[in-house]
**Student:** 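Submitted below is the structure of interest, expressed as structure tokens.
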Amino acid sequence: MPHKFSFLSAAFLILTGMAYGGPLPSPYASSFDPPVNGTYSDGYGVIGSFTPPSWSSNGSWGKIELLEGHQAYRTEGYNLRTQKLRFQDTYQDRKYPLRAYYGVLNQQLVDGFNLFYRNACAGSVDAPGAQCPPSKSPQRPEARFVLLHYGPKTASLQCDLTQPPALLVHGAMQTANVWIAPKGNDGAGGTYPGNDSSSKPTGFVQALEAAGRCTYAVTFGNFHGDNFNQAINLANAIDRVKKLTGSPKIDLITWSKGALPADLYLANVSSWNDWGDRYFEGLAAEQARHVPPFRKDVRAYVPLSGPHSGIDLNFRHPYEDLLIVSTQESAPIGQGPVTWGMFSAIQCVNLGFDGLPVPGFQNPYAASVCVNRGGTWPDYWSRVYTSNITGLDGAGKPLYSKSLKTLNVEQGLLPNSFSFDEYNISMWGAIDDNGAYISPYLGQLQASYDLRDYYPTPNRQDDANGWSSVDTDESKWHSWLDFKIDSNPTPFSDGSIEEDAGHTTCRNSAYDPQSIPCFAKVFGYYDPRTAESFSDGYATYRLMDGIGINAVMEMGGNFIERLRQHGLSPDLDFLYVLYGMSAGASGTVFEMDGMSCPSCAPHGDGVLFDVSIAALDQLTQGWSDAAKASKASQEGMPYSHLEMGATPEIWNKVIAKLKSIARDTP
């Protein structure tokens with residue numbers, strides 16, 4: 001591969017001149033990527049660009065450009081679930097033909113990052129590539145890279161340059177493609193039939209361009225990536241859009257997790273001085289120092305259901321973790337993190353034997369770390385480890401005693417069946433064989449926050465109200481475990497989950513697994529490797545374990561706790577907080593703990609609670625009453641989290657607000 005400067009010489013290079021200078025302080029230097037040109041500076045370069053094929057019926061990106069930041073970036077972690085998908089990797093089966101509609105769009109992103117790497121592993125739509133390297137590849141781009149997408153009209157500046165351009169920022173498990181083709185595109189105008197009916201073949205990009213706006217969007221390398229890294233990339237992208245259009249300010253629209261890097265930039269995170277002195281808070285303080293200060297270059301900020309006060313979704317819903325560990329890595333629902341460091345194989349969603357050439361006995365459901373695990377009762381009580389980190393030491397650094405491979409091989413996994421990339425799926429990551437800490441979910445780690453003070457784990461004892469029809473933890477996780485435990489080792493056995501009648505114990509276990517353990521009690525089968533105790537023919541097994549939410553929040557630098565204490569800069573001209581108020585359609589509801597009855601208001605948008613997304617007071621703290629009244633507002637909309645950025649009614653609402661701001665601007 002040629003050195004990057006061999007083809008940077010022909011690229012457009014931008015340097016703002018602000019040098020950070022000097023080496024990074026110990027013990028944090030090893031957590032950062034090396035500088036691009038010998039020293040860190042507040043600047044960026046344009047590596048190159050390309051024009052995607054045009055889909056005349058629905059439109060496509062007019063241009064995709066690769067930016068390279070020169071600031072100090074924390075090293076991103078990746079696994080099979082967070083790397084960029086090539087056409088050949090995009091999930092495809094008869095029920096979910098995702099490759100047909102999203103494969104080409106995914107390939108374009110890999111091609112964009114490959115403007116730097118120039119690696120044949122990127123493949124193409126017609127020629128699959130070999131496996132990419134485990135790091136530093138077009139599938140796993142380094143943190144300093146971000147794609148800038150131009151709308152189809154914007155690429156040729158067929159837009160109103162007198163209006164501020166719009167920049168769109170995607171959320172977790174998303175890319176910029178969600179803004180232009182929310183239902184995908186098969187290259188001939190066909191769209192995926194399985195999406196929610198409220199979304200349209202064209203997206204927010206086309207709606208903004210129809211209103212005359214020059215429209216851009218970003219794609220981050222890791223959609224679960226570090227929020228400080230993404231804040232730097234966002235600042236660079238804003239500066240690039242300003243130079244492309246000649247506008248001194250842009251309008252910034254974010255969705256979901258995409259609000260967090262925007263919050264950091266707009267809140268001048270580099271000036272915060274209230275970080276703690278333990279290891280991960282010190283690391284966060286060093287990261288914050290390298291985020292450019294707010295340059296007063298955002299006119300209007302519109303966060304769509306952003307998690308400004310955090311999220312604890314996977315901590316309170318065991319079914320979400322169960323679903324992830326039993327799903328293929330490239331399937332959309334499988335791309336999230338889990339909050340278990342260990343779980344009993346009985347929780348794998350599977351039936352029958354694995355790998356036997358006997359019709360009717362294959363495992364159609366088991367995938368990923370659940371392959372060959374938990375299919376039959378002799379293997380029910382082996383353990384599957386998704387992390388080897390057991391806690392934090394006195395200084396706040398991760399503790400571990402064995403490798404992730406050793407832990408799983410000790411439970412019966414064949415050594416040649418282990419892959420660190422496959423098993424490292426806990427939110428807080430793991431220590432690899434070289435002693436390096438790797439989390440593919442740094443941004444989710446930072447976003448974690450215990451919200452039980454606002455919405456406690458509910459009591460689901462009385463199912464006469466129909467909770468099992470709404471709450472997947474009742475209808476799937478709990479019912480599935482009850483069935484498998486009670487049928488172990490024969491249908492006439494006796495077994496049960498050891499919890500309270502309201503089914504809150506195991507749902508709280510991820511928050512504090514040491515004080516609130518989740519056990520199963522089984523008659524007639526004893527596995528000496530994993531049983532906690534054995535008495536009167538009954539064995540007790542721990543269903544799952546982890547490090548608890550307090551340790552997770554600390555490993556995230558207590559990010560949300562700090563964010564809650566800082567408002568956005570009063571130099572922001574306008575703030576319009578828009579959030580969802582509907583749980584969503586059946587099958588898309590993930591967060592139902594805010595509901596007081598199965599048909600009651602969700603107090604959120606089906607993924608995030610209202611306390612997190614309706615955060616106007618948090619975001620405007622420090623503003624004068626007059627500023628709050630004149631340039632800040634928030635509004636709830638009758639849509640779910642997954643609809644907030646892909647619904648024409650939302651687009652029209654935002655466009656109307658931006659127009660009203662323009663009329664009010666002197």
Side-chain angles (χ1 to χ4, degrees), residues 169-174 223-224 227 230-231 253-264 266-267 269 301-317 320 336-337 339 427 441 443-458 510-511 549-550 552-553 556-568 575-584 588-596 600-621 632-645 650:
V169 185
H170 66 82
M173 296 194 290
Q174 295 177 335
F223 48 46
H224 287 305
N227 291 303
Q230 293 180 358
I253 302 167
T254 68
W255 189 1
S256 192
K257 180 185 173 295
L260 295 181
D263 286 357
L264 292 180
L266 295 172
V269 66
Y301 174 36
V302 185
L304 305 175
S305 277
H308 309 281
S309 290
I311 180 173
D312 61 358
L313 175 73
N314 282 25
F315 286 91
R316 62 174 65 230
H317 297 295
E320 308 307 336
T339 56
M427 184 180 291
Y441 310 102
Q444 293 290 354
L445 186 69
Q446 293 159 347
S448 297
Y449 196 75
D450 191 344
L451 295 169
R452 288 178 296 171
D453 284 347
Y454 301 93
Y455 293 106
T457 304
Y511 288 99
I549 196 168
N550 287 333
V552 167
M553 289 164 57
N558 286 315
F559 177 94
I560 292 296
E561 188 59 44
R562 293 293 170 268
L563 193 63
R564 289 164 61 96
Q565 306 306 316
H566 296 272
L568 306 181
L575 171 65
Y576 180 41
V577 179
L578 202 58
Y579 62 94
M581 300 176 64
S582 169
T588 67
V589 184
F590 298 95
E591 181 57 82
M592 66 292 293
D593 279 5
M595 301 168 69
S596 56
C600 291
H603 292 288
D605 62 11
V607 173
L608 295 166
F609 289 122
D610 50 11
V611 67
S612 191
I613 55 181
L616 184 68
D617 289 341
Q618 173 184 320
L619 297 173
T620 57
Q621 59 183 297
S633 63
Q634 78 177 5
E635 189 172 356
M637 295 291 290
Y639 296 101
S640 71
H641 192 83
L642 302 182
E643 297 168 328
M644 283 301 295
I650 300 293

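In this text, all values refer to a predicted model and were calculated from it rather than measured experimentally.
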**Student:** Taking Q634 for its side chain and G636 for its backbone only, find out whether a donor-acceptor pair lies under 3.5 Å.
**Tutor:** no

**Student:** Taking the side chain as every heavy atom from C-beta outward, state whether M637 and E643 have any atom pair closer than 4.5 Å.
**Tutor:** no

**Student:** Which heavy atom of G584 sits nearest a heavy atom of S640, and at what distance?
**Tutor:** CA-CB, 3.4 Å

**Student:** Kindly compute the distance separating OG1 (T254) from CG (L260), expressed to the nearest 0.5 Å.
**Tutor:** 8.5 Å

**Student:** Do E591 and F609 touch side chain to side chain, with heavy atoms closer than 4.5 Å?
**Tutor:** yes

**Student:** Mind checking what makes salt bridge (charged side-chain N to carboxylate O under 4.0 Å, His left out) contact with D312, not counting sequence neighbours?
**Tutor:** R316

**Student:** Which heavy atom of T339 sits nearest a heavy atom of A510, and at what distance?
**Tutor:** OG1-CB, 3.7 Å

**Student:** Return the CZ to CD1 distance between R452 and I549, rounded to the nearest 0.5 Å.
**Tutor:** 7.0 Å

**Student:** So, taking the atom named CG in L616 and the one named OH in Y576, what distance separates them when rounded to the nearest 0.5 Å?
**Tutor:** 11.5 Å

**Student:** Do the side chains of F559 and L445 get nearer than 4.5 Å, heavy atoms only?
**Tutor:** no

**Student:** Just by modelled atom types, is the P337 backbone N or O under 3.5 Å from a matching donor or acceptor in the Q444 side chain?
**Tutor:** no

**Student:** Stepwise, does the side chain to side chain contact (heavy atoms under 4.5 Å, CB included) test hold for D593 with H317?
**Tutor:** CA-CA 9 Å; D593 279 5; H317 297 295; 3.3 Å; yes

**Student:** Flag the pair M581 / P638 as yes when at least one side-chain heavy-atom distance between them is below 4.5 Å, and no otherwise.
**Tutor:** no

**Student:** Can you name the nearest heavy-atom pair linking L451 to S309, along with the distance?
**Tutor:** CD2-O, 3.7 Å

**Student:** Output every pair passing salt bridge (charged side-chain N to carboxylate O under 4.0 Å, His left out) with a member in residues 556-565, not counting sequence neighbours, ordered by first then second residue.
**Tutor:** E281-R562

**Student:** Is the backbone N or O of Y639 less than 3.5 Å from a side-chain atom of S582, with the two atoms forming a donor-acceptor pair by type?
**Tutor:** no

**Student:** If you look at every heavy atom in L568 and D263, which pair is closest and at what distance?
**Tutor:** CD2-O, 3.8 Å

**Student:** Hey, are the side chains of M173 and K257 touching, using non-hydrogen atoms and a 4.5 Å cut-off?
**Tutor:** no

**Student:** Measure the spacing between CD1 of I560 and CD1 of I311 and express it to the nearest 0.5 Å.
**Tutor:** 10.0 Å

**Student:** Looking only at non-hydrogen atoms, find the nearest pair between G556 and Q446 and report the distance.
**Tutor:** O-CG, 3.5 Å

**Student:** Verify, without hydrogens or angle tests, whether E320 (side chain) and L313 (backbone) share a donor-acceptor contact under 3.5 angstrom.
**Tutor:** no

**Student:** Do S256 and Q174 have side-chain atoms, one donor and one acceptor, less than 3.5 Å apart?
**Tutor:** no

**Student:** Roughly how far, to the nearest 0.5 Å, is NE2 of H308 from CG of D617?
**Tutor:** 12.0 Å

**Student:** Please identify which of these residues, N227, L264, V269, meets the side chain to side chain contact (heavy atoms under 4.5 Å, CB included) condition with L563.
**Tutor:** L264

**Student:** Indicate yes or no for a side-chain donor-acceptor contact from S612 to the backbone of G310 under 3.5 Å, with no hydrogens or angles considered.
**Tutor:** yes

**Student:** Output yes when a side-chain donor or acceptor of W255 lies under 3.5 Å from a complementary backbone atom of H641, and no otherwise.
**Tutor:** yes

**Student:** Specify the closest pair of heavy atoms between S305 and L608, including all atoms of both residues, with the distance to one decimal.
**Tutor:** O-CD1, 3.5 Å

**Student:** Less than 4.5 Å apart, any side-chain heavy atom of D605 and any of Y579?
**Tutor:** no

**Student:** Can you name the side-chain contact (heavy atoms from CB on, under 4.5 Å) partners of D610, sequence neighbours left out?
**Tutor:** Y455, H603

